Engineer: 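Input: one structure, supplied below.
Throughout, residue positions are numbered sequentially from 1 according to the sequence presented. Basis for what follows: all heavy atoms, side chains included, without hydrogens, waters or symmetry-related copies. Note that the structure is a prediction, hence the values are computed from the model and not measured.
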Amino acid sequence: MGLESFTRDDPIFIDESVFRDNYRPTELIERDDELAAYQSALRPVINGAPPKNIFIYGQTGVGKTLATRLVTDRLLEDQRQYSDLNIKQITLNCKSVNSSYQVAVNLVNKFREPDDYIPSTGYPPTRIYQMLWQHLNDLEASHLLIVLDEIDSIGADGEILYEIPRANDNDHVEDTYVGVIGISNDFTFRDSLSARVKDSLCDEELHFPPYDANNLRHILSRRAEKGYHNGVLEDGVIPLCAARAANESGSARMALKLLYKAGDLARQRDEPTVKESHVDEARKLIEEGKIKDELARLPIHSKLTLRAITNLSKVDETPAKRRKIYSLYLELCKEFATDPVTDRTIHDRISQLRQKGFVEAEEKNEGLSGGSYNLYDLKIRVDAVDEALNLEA
Ligand code: ADP
Ligand code: MG
């Protein structure tokens with residue numbers, strides 16, 4: 001039959017873009033208390049006073065980024081009625097940035113044209129901060145809010161979270177009040193910061209708890225009205241997506257993904273309605289996709305270790321001792337022209353693979369004389385590894 005023609009009618013979705021990650025809803029449902037707290041933390045700004053520094057935390061998918069966008073958009077809009085205010089805002093997502101230094105470099109570049117960007121290595125840190133202060137002093141603004149999203153990815157190195165909130169107090173920046181809004185997906189991040197950083201960053205802390213099934217039902221229903229044709233979703237579908245997501249993570253992102261994927265499956269199969277069975281299937285597919293992504297992101301020596309265990313498993317030689325895994329790993333290193341790391345390091349890598357649920361261990365005890373040792377085996381399907389790890393020699 002070959003290719004089918006592209007047609008415009010979609011019996012399932014009115015507008016599937018509302019389920020995509022880059023869709024920007026105009027309201028935050030079921031978060032009135034958090035919004036009120038957020039607005040109250042920003043109130044000094046509208047009164048012309050220096051901003052408080054705000055630290056927001058909660059797991060992924062609980063509305064932190066969306067809340068921040070809605071609240072700061074509103075602030076920028078509402079300031080227009082006050083002629084003494086000129087509030088500006090910049091946002092940096094720190095996901096792929098892993099040190100204070102790089103945050104500072106990225107911030108400097110926010111104020112520059114692309115041909116004037118500074119490189120991400122090379123300057124001494126003090127020089128980078130000087131450039132940053134210079135840009136902030138050149139800015140014509142009464143206030144500057146610097147939003148650092150997913151800030152936990154800078155790890156324990158919180159220098160920037162000390163420097164920026166102190167920019168006015170330390171006389172680095174004069175005519176513009178500077179405030180930081182730090183957003184973290186990781187609960188432990190705040191505690192990992194040193195006392196002086198905590199002190200300067202966390203004037204106000206806002207916690208976004210996970211959504212419960214009720215919250216998620218509302219969020220999904222509202223989105224479904226925009227995305228799905230009337231009557232296409234069978235009654236149990238939204239409650240099921242909400243219950244699953246509430247159970248596993250409390251994440252609206254996950255719930256929306258599930259609802260979208262379920263519809264996508266119904267559409268692929270030319271079925272007129274979305275059923276609970278589509279949700280179950282969608283969940284499986286999403287889970288598999290996650291494993292695949294995680295496998296693909298493993299560092300090279302973890303991949304080679306996993307490949308060694310997988311190859312042993314294919315010839316029924318698992319569970320295997322570490323010595324056996326290591327010697328196969330050494331062969332693979334040769335094959336892929338990679339310098340091997342030590343047996344000890346591979347031991348750590350295997351522990352990480354266990355933590356991620358890719359490998360399992362069984363402890364063997366040889367009694368008084370033999371001591372104890374582990375036997376390792378693959379915990380996921382061999383083809384999952386084969387699909388995700390297409391290492392090229
Ligand atoms: P976080 O930053 O906490 O990881 P986001 O703000 O990015 O979460 O939200 C994740 C997804 O869920 C986004 O697509 C967002 O549109 C949606 N979402 C989260 N909370 C709500 C809510 N209360 N109302 C509507 N949509 C929401
Ligand atoms: Mg976010």
Side-chain angles (χ1 to χ4, degrees), residues 10 12-31 34-35 38 56-73 89-98 106 110 147-153 181-186 208-211 213 215-229 232-233 237-238 240-242 244-268 274 278-279 281-297 388:
D10 184 330
I12 300 281
F13 294 104
I14 316 172
D15 178 5
E16 63 187 289
S17 74
V18 305
F19 294 109
R20 298 256 165 82
D21 254 0
N22 56 3
Y23 174 71
R24 301 182 148 212
T26 51
E27 55 175 353
L28 190 73
I29 302 160
E30 301 272 359
R31 282 292 191 220
E34 287 77 10
L35 284 178
Y38 209 150
I56 298 171
Y57 63 103
Q59 289 161 32
T60 126
V62 296
K64 302 180 301 297
T65 299
L66 177 57
T68 301
R69 219 193 52 243
L70 294 174
V71 169
T72 54
D73 279 358
Q89 181 227 4
I90 52 175
T91 298
L92 180 67
N93 188 308
C94 306
K95 196 177 355 192
S96 51
V97 176
N98 44 33
N106 279 281
K110 287 262 173 198
V147 178
L148 300 175
D149 203 350
E150 310 200 27
I151 186 66
D152 40 299
S153 69
I181 299 178
I183 306 174
S184 169
N185 288 329
D186 179 354
F208 279 53
Y211 292 115
N215 301 146
L216 292 173
R217 270 205 301 274
H218 288 164
I219 294 171
L220 292 179
S221 304
R222 197 69 64 88
R223 204 66 71 91
E225 283 165 17
K226 297 197 165 71
Y228 280 103
H229 284 296
V232 157
L233 295 180
V237 167
I238 287 184
L240 184 59
C241 292
R244 293 278 186 256
N247 236 336
E248 281 167 34
S249 59
S251 154
R253 183 179 292 116
M254 180 190 168
L256 287 161
K257 199 167 178 183
L258 201 50
L259 183 60
Y260 181 26
K261 187 81 204 160
D264 203 22
L265 287 171
R267 177 173 58 183
Q268 273 172 30
V274 185
H278 292 126
V279 177
E281 214 177 317
R283 184 155 155 260
K284 257 219 225 97
L285 288 172
I286 292 171
E287 206 41 55
E288 284 169 11
K290 257 199 255 162
I291 293 180
K292 218 168 142 181
D293 288 350
E294 251 196 280
L295 287 172
R297 276 202 307 268

Engineer: Would you say the side chain of R223 lies within less than 4.5 Å of the side chain of L259, judging by non-hydrogen atoms?
Structural biologist: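 No, their side chains stay 4.5 Å or more apart.
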
Engineer: What heavy-atom pair brings L265 and A282 nearest, and what distance separates the two atoms?
Structural biologist: CD1-N, 3.7 Å

Engineer: Please answer whether the main-chain N or O of A245 pairs with a side-chain N or O of R283 as donor and acceptor at a distance below 3.5 Å.
Structural biologist: no

Engineer: Apply side-chain contact (heavy atoms from CB on, under 4.5 Å) to residues T72 and I181 and explain how you reach the verdict.
Structural biologist: CA-CA 10 Å; T72 54; I181 299 178; 4.2 Å; yes

Engineer: Please name the pair of heavy atoms, one in L66 and one in E27, separated by the smallest distance, quoted to 0.1 Å.
Structural biologist: CD2-O, 4.2 Å

Engineer: With under 30° as parallel and over 60° as perpendicular, where do the rings of F13 and Y260 fit, or are they tilted in between?
Structural biologist: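 Judged by the thresholds at 30° and 60°, the geometry between F13 and Y260 is perpendicular.
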
Engineer: Report yes or no: does H229 contribute a side-chain atom to a donor-acceptor pair with the main-chain N or O of D10 at less than 3.5 Å?
Structural biologist: yes

Engineer: Between Y23 and L256, does the side-chain contact (heavy atoms from CB on, under 4.5 Å) criterion hold? Intermediate values first, please.
Structural biologist: CA-CA 11 Å; Y23 174 71; L256 287 161; over 6 Å; no

Engineer: So, taking the atom named CD1 in I286 and the one named NZ in K257, what distance separates them when rounded to the nearest 0.5 Å?
Structural biologist: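 So the gap between those two atoms works out to 6.0 Å.
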
Engineer: If I compare all heavy atoms of P210 with all of R31, which pair ends up nearest, and what's the gap?
Structural biologist: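 Looks like C-NH2, 4.5 Å.
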
Engineer: Got a second to check how far E34's CD is from I56's CD1, nearest 0.5 Å?
Structural biologist: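 It is 10.5 Å, given to the nearest 0.5 Å.
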
Engineer: Under 3.5 Å, side chain of K64 to main-chain N/O of F208, donor-acceptor pair present?
Structural biologist: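 A pair under 3.5 Å: no.
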
Engineer: What I want to find out is whether D293 reaches K290 closely enough, with some N-O distance under 4.0 Å, to be called a salt bridge.
Structural biologist: no

Engineer: If you compare all heavy atoms of G61 against all heavy atoms of Y211, which two are closest, and at what distance to 0.1 Å?
Structural biologist: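 Where G61 meets Y211 most closely, the heavy atoms are O-CE1, 3.7 Å.
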
Engineer: Determine, step by step, whether D21 and R253 satisfy the side-chain contact (heavy atoms from CB on, under 4.5 Å) criterion, reporting the C-alpha distance in whole Å, the side-chain angles of both residues, the deciding distance to 0.1 Å, and the verdict.
Structural biologist: CA-CA 8 Å; D21 254 0; R253 183 179 292 116; 4.1 Å; yes

Engineer: For I238, is there any backbone N or O sitting under 3.5 Å from a side-chain donor or acceptor partner on R217?
Structural biologist: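 It does not hold such a pair.
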
Engineer: Please determine whether side-chain contact (heavy atoms from CB on, under 4.5 Å) holds for the pair L28 and V71, giving the CA-CA distance in whole Å, both sets of side-chain angles, and the decisive distance to 0.1 Å.
Structural biologist: CA-CA 10 Å; L28 190 73; V71 169; over 6 Å; no

Engineer: Is any side-chain heavy atom of K261 less than 4.5 Å from a side-chain heavy atom of D264?
Structural biologist: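 They are in contact (side-chain heavy atoms under 4.5 Å apart), so the answer is yes.
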
Engineer: Tell me every residue that passes salt bridge (Lys or Arg N to Asp or Glu O under 4.0 Å) with E225, counting only those two or more places apart in sequence or in another chain.
Structural biologist: none

Engineer: Got a second to check how far L70's CG is from R24's CZ, nearest 0.5 Å?
Structural biologist: 9.5 Å

Engineer: Would you give the length of the straight line joining atom CG of L220 to atom CD1 of I29, rounded to the nearest 0.5 angstrom?
Structural biologist: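 The CG atom of L220 sits 9.0 Å away from the CD1 atom of I29.
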
Engineer: Return the minimal non-hydrogen interatomic distance between V62 and G250, and the atom names on each side.
Structural biologist: CG1-O, 3.7 Å

Engineer: Examine distances only and state if a side-chain atom of T91 and a backbone atom of V147 form a donor-acceptor pair shorter than 3.5 Å.
Structural biologist: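 Not a single qualifying donor-acceptor pair exists.
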
Engineer: How far apart are the closest heavy atoms of E150 and C94, and which atoms are they?
Structural biologist: O-CB, 3.6 Å

Engineer: Are S184 and D186 linked by a side-chain donor-acceptor pair shorter than 3.5 Å?
Structural biologist: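 Note: S184 and D186 side chains miss the donor-acceptor criterion.
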
Engineer: Nearest 0.5 Å please: distance from the CD atom of Q59 over to the OG atom of S251.
Structural biologist: 8.5 Å

Engineer: Determine, stepwise, if the pair N185 / T60 fulfils side-chain hydrogen bond (donor to acceptor under 3.5 Å, both in side chains).
Structural biologist: CA-CA 5 Å; N185 288 329; T60 126; 5.4 Å; no

Engineer: When rounded to the nearest 0.5 angstrom, what distance separates NE2 in H278 from SG in C241?
Structural biologist: 12.0 Å

